[in-house]
Amino acid sequence: MPVPNLLVAAALDEIADRLEIQGANPFRVRAYRNAARAVEPLADDVKQLAERGATLEGRPGIGADLAGKIAEIATTGSCALLRELRRQMPASITELLKVPGLGPKRAKALWQALDLRSPAQVLRAAREGRIRAVRGFGEPTERRIENALAARLAGERRFTLDVASEFAEAMVRVLSAAPGAERVVVAGSFRRMRESVGDLDILVTAANGPAVVEHLLRTADVDETLAHGPTRASVRLRGGPQVDLRVVPRASFGAALVYFTGSKAHNIALRRLAQARGLKINEYGVFRGERRIAGATEASVYRAVGLPVIPPELREDRGELQAAREHRLPALVALDDLRGDLHVHTDAGDGRESLAAMAAAARERGFAYVAIADPSRRPSMSHGLDAAGLARQAAAIDDLNATFDDFRVLRGVECEILDDGRLDLSDDVLAGLDLVVAAVHGRFDLDRARQTERLLRALGHPAVRVLAHPTGRVLGERVPCALDMLQVVRKARDCGTWLELDAHPSRLDLDDTACRMCRDEGALVAVDADAHGARDFDRLRFGIGQARRGWLRREDVVNTRTLAQLERLLAAPAPRRARRAPARTA
Ligand code: DGT
Ligand code: CA
Ligand code: CA
């Protein structure tokens, strides 16, 4: 349940923050802060008060003008002043105020001098010694900011899937060698393939728990032991995440795996189902009275409550239990279903390896095609391709294709979308390519309406086939741009344009919920590695993880098509590429 009072207070605080950064009159700033503090503890729901027509005027610290704004925020979620302030500076600027030692003046200075917008960016700049060069900052201040930030960010650190999987794989190796260890499985958010992982929950089946725990404490690269007992241990790995180990007997393995895979919300819903059948379910098994009726395997646990096994990626209590009960769980897309990649870089652009090397790597993976999509030339980049560069690359691609009979390289480009939604290459140049990937790399701070308009226009361009990393987010660094995703998804469907799920573990953009929206609305998704080197194709598994979390099936992902099917799609006029809106799924 949202708490309207708190949301209203947050909006008032944001107004105060932004006014302060702008250098507004301190009395005005304080009025908004006071109003936020006054609204927070009100017993009456501000929203209901506003709807009933009662204003807050006359309450301590609140005059007519403020009462009006509060009513506006309470009923609409925002107000004209806040919208105006958000237009004037980036969405993330208020984040900087959370950096210890940065008041409004200095936050503004860092934003303007170095374009720093998030605590993570400030930390990087401090480590690189760039902050001391800004007027009003010196080296001691820079160190102070760095230390405070490093501590704060470490405390709330979540790990991207690539980092988490390195530690997970290392732990599986370590624990598999423990005396008597049989099965070793990483459960928790990692198994559900959540886009970021807080800690690793690892299950080991073994008869002798203490031997496994002791092996972990002796062998793993442990920074700190937080707790340990005969069948469990919690440790923090050096430079890595916390690991929660549980040793369980074989008879409980399935039940423990269900429990520690989660999510918590899924577990709670599952327990409710069990209760309705007169059963008790916990990490040791499924029980009728005192008698254990299931627990050795996951299948036995789900079967006991009348369900098929639900894939871990779906276990978020987002309708999967009902779908399972009605036998309409989706047949989820798998890594092996991919037949190609539509967003590949080479050293003619900003990639690290040659066209031939990237094509060879894709072919070795069993792919039937790749689309080369090096960036179009833009002022901020030293290595973009202009019309002449693209023509040279096209000739090289034609030569390379002549050497294959089971593989095709498509001539593409990653074309920059300008502020107003136009593209930075001419229609002539774009029309000569097999596939145009369009992408935004700047002005992430446009307001929602303008950003949406910008993308809708690019999606509607007749040459564009793929919209790359649609929200521009970078985990821990850049929040998604403000966007009406539903409009974007519908436009993509209607134009037969494909939305990318960039599989880079720091992007994973589209995210799982946007994938679900694509499926529900009938838009196709392209799961791409955005590879800058041959090894980058390995990250497709993270993209597929998000696609599965978004309930996508093979038919929802365009690069599961064969080369012949893809070529037909590319040749078809827009109306025939377009998919119909499907009947809404639950
Ligand atoms: P994380 O580590 O923040 O990325 O997310 P998880 O999902 O791995 O959460 P974690 O490590 O706190 O717990 C692992 C699993 O254990 C979680 O997915 C479900 C289960 N679990 C934890 N606490 C509870 C609880 O209070 N009730 C129930 N039913 N399950 C829980
Ligand atoms: Ca966890
Ligand atoms: Ca845990």
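Counting starts at 1 for both ligands and their atoms, following the listed order. Quantities reported herein were computed from a predicted structural model and do not represent experimental measurements. We number each residue from 1, following the sequence as shown.
With hydrogens left out, the protein atom closest to atom 17 (C) of ligand 1 is G262 CA, 3.9 Å, a heavy atom. Of the protein's non-hydrogen atoms, F260 O, 3.4 Å is the one closest to atom 15 (C) of ligand 1. In this structure, atom 30 (N) of ligand 1 lies nearest to the protein heavy atom N267 ND2, 3.3 Å. Among all protein heavy atoms, the one lying closest to atom 31 (C) of ligand 1 is Y259 OH, 3.5 Å. Counting protein heavy atoms only, atom 23 (N) of ligand 1 is closest to K264 CD, 4.2 Å. Given atom 1 (P) of ligand 1, the protein heavy atom at minimum distance is S189 OG, 3.4 Å. Atom 29 (N) of ligand 1 has as its closest protein heavy atom R271 NH2, 2.6 Å.
Heavy-atom distances between H266 and ligand 1 stay at or above 4.0 Å for every pair. Residue T261 places a heavy atom under 4.0 Å from ligand 1.
Residue D199 has at least one nitrogen or oxygen atom sitting less than 3.5 Å from a nitrogen or oxygen atom of ligand 1, judged on distance alone. Of the N or O atoms in D201, one or more lie within a sub-3.5 Å distance of an N or O in ligand 1. For R192, a nitrogen or oxygen atom sits less than 3.5 Å from a nitrogen or oxygen atom of ligand 1, counting backbone and side chain alike. Here's the thing with S263: none of its N/O atoms is less than 3.5 angstrom from an N/O atom of ligand 1. Backbone and side-chain nitrogen or oxygen atoms of G188 are examined, and none is located within less than 3.5 angstrom of a nitrogen or oxygen of ligand 1.
Counting heavy atoms of neighbouring residues, nucleotides and ligands inside a 6.0 Å radius, atom CZ of R143 exceeds 12 of them. Around CZ of R365, the count of heavy atoms belonging to other residues, nucleotides or ligands within 6.0 Å exceeds 12. A 6.0 Å sphere centred on CZ of R37 holds more than 12 heavy atoms belonging to other residues, nucleotides or ligands.
The Ca ion (ligand 2) has D199 O, D199 OD1, D201 OD2 as its protein N, O or S neighbours under 3.0 Å.
Per-residue contacts place R158 under 4.0 angstrom from the following atoms of ligand 1 (heavy atoms of the residue considered): 1 (P), 3 (O), 4 (O). Taking every non-hydrogen atom of V197 and a distance limit under 4.0 Å, the qualifying atoms of ligand 1 come out as 4 (O).
Look at D528 and R507 and you find no salt bridge, because none of the NZ, NE, NH1 or NH2 atoms lies under 4.0 Å from a carboxylate O. Between E298 and R315, at least one side-chain nitrogen of the basic residue sits less than 4.0 Å from a carboxylate oxygen of the acidic one, meeting the salt-bridge criterion. No salt bridge links R192 with E313; every basic N to acidic carboxylate O contact stays at or beyond 4.0 Å. In summary, R18 and E14 engage in a salt bridge, as defined by a charged side-chain N under 4.0 Å from a carboxylate O. A salt bridge does not link R478 with D445: none of the charged nitrogens is closer than 4.0 Å to a carboxylate oxygen. Checked for salt-bridge contact, E142 and R106 miss the test: no charged N lies under 4.0 Å from a carboxylate O.
A donor-acceptor pair is defined here as one N or O able to donate and one able to accept, closer than 3.5 Å; such a pair exists between the side chain of R158 and the backbone of S196. Although no hydrogens or angles enter the test, the distance criterion places a donor-acceptor pair under 3.5 Å between the side chain of R473 and the main chain of L508. S165 places a side-chain N or O within donor-acceptor distance of the main-chain N or O of D162, the cut-off being under 3.5 Å.
For atom 7 (O) of ligand 1, the protein comes within 4.0 Å by at least one heavy atom. Less than 4.0 angstrom separates atom 19 (C) of ligand 1 from at least one non-hydrogen atom of the protein.
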Applying side-chain hydrogen bond (donor to acceptor under 3.5 Å, both in side chains) to E316 and H266, what does each step give before you reach the verdict? CA-CA 5 Å; E316 299 288 350; H266 176 87; over 6 Å; no
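Aromatic pair H469/H441: centroids less than 6.0 angstrom apart.
The aromatic rings of F537 and F367 sit perpendicular, their planes meeting at an angle over 60°, well past the 30° parallel limit.
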